[in-house]
There are 2 protein chains.
Amino acid sequence: MAVTLKDIAEKVGVTESTVSRVLNGIPKASKETRKEIFQVAADLGYKPNQIARSLVTKKTHTIGLIISDLANTYFARVASGIEKIASKYDYSLIISTTGGDEIEELKYINLLKEKQVDGILFASGRMPKSCRKLLRETEIPTVVVAREVEEELPSVHIDNVKESYRAVKYLINNGHQKIAMISGNANDKESGLYRIQGYKQALNDNKLEVREELIVEGDFKLQSGIKAMEKILKRDSSITAVFAASDEMGVGAIKAIKKAGLKVPEDISVIGFDNNIISLASDPELTTISQPEAELGWRSMEMLYKVINGEELEEKKIFLPCELKKRGSVRKL
Amino acid sequence: MAVTLKDIAEKVGVTESTVSRVLNGIPKASKETRKEIFQVAADLGYKPNQIARSLVTKKTHTIGLIISDLANTYFARVASGIEKIASKYDYSLIISTTGGDEIEELKYINLLKEKQVDGILFASGRMPKSCRKLLRETEIPTVVVAREVEEELPSVHIDNVKESYRAVKYLINNGHQKIAMISGNANDKESGLYRIQGYKQALNDNKLEVREELIVEGDFKLQSGIKAMEKILKRDSSITAVFAASDEMGVGAIKAIKKAGLKVPEDISVIGFDNNIISLASDPELTTISQPEAELGWRSMEMLYKVINGEELEEKKIFLPCELKKRGSVRKL
DNA sequence: TTTGATTAGTCAAGCGCTTGACCAAAATTG
DNA sequence: CAATTTTGGTCAAGCGCTTGACTAATCAAA
């Protein structure tokens with residue numbers, strides 16, 4: 001059996017309350033009893049039962065992370081950033097993966113509520129109405145990560161429209177006019193729709209024609225990038241650049257271009273999005289927009305910590321800047 | 001205030017015990033009261049407080065995962081595999097990252113003990129004596145992941161010696177005789193030392209000379225692979241193949257070889273280890289040993305589940321087979 | 001009709017901890 | 001030196017749930 005406060009109390013000859021207070025650093029005991037209590041606690045190898053403690057304090061010092069997919073480097077890095085700060089504040093992290101599925105999301109929100117977590121970090125799907133409603137009902141402090149959300153929920157994310165705009169603008173600045181895009185699914189607002197919007201806006205602002213047939217949808221994975229690029233090449237082989245909504249697709253594009261007997265960047269320039277390690281592995285190395293995943297993670301955790309402690313937030317919605325990583329896959333025309 | 005058993009009990013006009021039993025599916029109530037209880041519980045939006053429940057049942061339905069680094073794809077995939085099975089069995093996952101640091105490991109074992117987790121999955125550093133001792137004392141069921149461990153602790157991992165042997169043997173079978181190695185740090189037994197052992201053994205068994213100067217140490221990262229390869233080339237440019245202890249280093253090697261004006265695989269063949277997505281991004285694609293990370297994860301969780309439930313394990317140490325992925329970076333001499 | 005089993009509950013204790021209220025003795029102050 | 005404050009504790013309740021022991025009523029069987 002595990003050793004409890006009672007065991008220590010009996011051995012020392014005081015009540016549990018005294019032991020509890022001493023061990024919690026409340027100065028309500030003589031130097032000698034204090035010393036003895038610490039001694040006995042150490043001897044017995046006492047470890048406070050946090051479950052019991054939580055029951056009374058109504059704090060678990062645990063936060064729940066609802067995330068799409070841990071195997072995905074992007075989310076893994078976000079999670080890693082979160083974990084670091086959580087640990088700094090002595091919070092444990094319960095991680096639940098949803099695959100972006102609404103049913104799972106709801107299930108986990110409920111579960112986390114039952115487990116009485118002190119806060120929730122939501123880095124999953126599109127954050128459907130049902131989730132927002134449930135979250136509101138449960139009244140658990142929540143911060144949304146990497147996802148814009150209409151409501152009053154605090155969030156930290158990047159401006160996908162703006163950053164995509166920047167990528168395409170870079171291409172344009174380098175003299176490109178015929179620019180294709182390999183997009184993600186537009187149902188995914190952030191990295192799907194918004195990145196398409198940024199692309200279109202950049203073209204429009206520069207009086208370039210938006211040709212829908214030059215926007216081919218992929219699923220962010222490498223293979224789909226290859227497929228998409230092949231399609232684009234078939235539709236119009238005179239393009240000089242392509243913007244891929246993810247590095248994996250960007251690398252896929254490079255592969256497809258090479259396979260078609262063309263060269264990157266001599267014939268076609270490619271720019272990606274994410275700054276995944278994969279962008280450094282390809283040949284040529286992929287120019288890309290670098291996302292601050294780790295910072296996304298830790299900022300959201302810092303934010304949540306404030307919310308939990310009732311501190312005021314200076315900003316409810318934080319946009320983190322990305323960085324353009326210039327590498328070898330884009331050339332000046 | 002959250003709704004409790006008491007609230008339901010009062011509203012229905014029975015005692016808490018009855019409500020508790022009904023909600024837990026224990027058939028000790030009439031059809032009508034059962035129905036009413038469920039109704040009221042739903043109306044009130046009752047969610048059982050698992051903390052209170054845990055305090056009495058002494059089960060938290062939570063397992064703790066102690067892992068090196070979430071941002072590392074390898075561990076992220078292991079974690080992802082674990083999470084899937086944990087979720088299947090309705091276990092929550094508390095994740096703690098240690099960076100392989102002993103102090104952190106000890107800290108987290110203690111923390112998990114305090115949080116009364118039902119089991120621990122250890123996928124961190126070298127599992128030092130101190131950890132094993134602490135783990136034994138805490139008496140929490142534990143399974144070690146991706147790490148061989150002398151003790152009687154159950155574990156699931158791959159046979160790094162054998163799999164490295166296989167990689168090098170493949171090179172030899174393809175006619176290579178002068179084979180260099182880019183290793184990890186030998187302090188890391190599994191992916192450092194053991195992979196070197198496999199390399200040496202394969203050379204020995206085939207009457208090839210082991211030349212220590214042809215084993216250059218990296219840190220598993222891409223950059224270190226480039227550096228290491230440059231060193232090797234400087235030491236003996238007549239080698240025809242190199243075995244890298246990680247895909248990142250393998251890709252680094254390819255880059256260095258190309259930069260030196262040589263071709264892969266025409267001049268030098270390269271084989272990696274991991275089957276990281278990066279191996280598919282490089283040009284040529286990297287031949288490699290594919291590790292079953294996800295399976296490593298879910299098998300260990302399956303194992304832990306059995307241990308927690310007092311089931312007998314058929315095997316205490318499971319070795320999972322890897323797979324040789326033949327791609328374009330190795331040629332037949 | 002009596003016995004025995006079953007059904008549908010109640011009661012109370014307890015899981016390990018915190019915390020407000022109380023109290024006696026010692027120490028301080030005017 | 002009496003009045004007050006401080007020190008060093010104790011006591012009991014309670015967090016929300018489970019669970020063994022008990023009971024009263026109903027029902028089937030002999």
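Note: hydrogens, waters and symmetry copies are ignored here, and every other heavy atom, side chains too, is used. Reminder, nothing fancy here: chain letters follow the sequence lines and each chain counts from 1.
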Exercise. Which residues satisfy the salt bridge (Lys or Arg N to Asp or Glu O under 4.0 Å) test with B:Lys129, sequence neighbours excluded?
Worked result: none

For this session: Take A:Ser191 and A:Asp188 through the test side chain to side chain donor-acceptor pair (under 3.5 Å) and record every step on the way to the result.
Result: CA-CA 6 Å; A:Ser191 33; A:Asp188 176 345; 3.0 Å; yes

Exercise. Say you draw a straight line from CG of A:Leu134 to CD of A:Glu105; how long is it, rounded to the nearest 0.5 Å?
Worked result: 10.5 Å

Exercise. If the sugar-phosphate is the primed atoms plus P, OP1 and OP2 and the base is the rest, what is the B/S/- string for nucleotides 13-23 of chain D, using protein heavy atoms under 4.0 Å?
Worked result: --BBBBBBBB-

For this session: I would like to know whether B:Ser68 and B:Tyr74 meet side chain to side chain donor-acceptor pair (under 3.5 Å); could you show each step before the answer?
Result: CA-CA 10 Å; B:Ser68 294; B:Tyr74 174 77; over 6 Å; no

Exercise. Roughly how many Å is it from NZ in A:Lys31 to P in D:dT6, rounded to a whole number?
Worked result: 19 Å

For this session: Check the pair A:Ser130, A:Glu102 against side chain to side chain donor-acceptor pair (under 3.5 Å), reporting the backbone distance first and the verdict last.
Result: CA-CA 8 Å; A:Ser130 57; A:Glu102 182 171 346; 2.6 Å; yes

Exercise. Hey, does A:Thr33 reach any base, or is it just sugar-phosphate, or nothing, if we go heavy atoms under 4.0 Å?
Worked result: sugar-phosphate

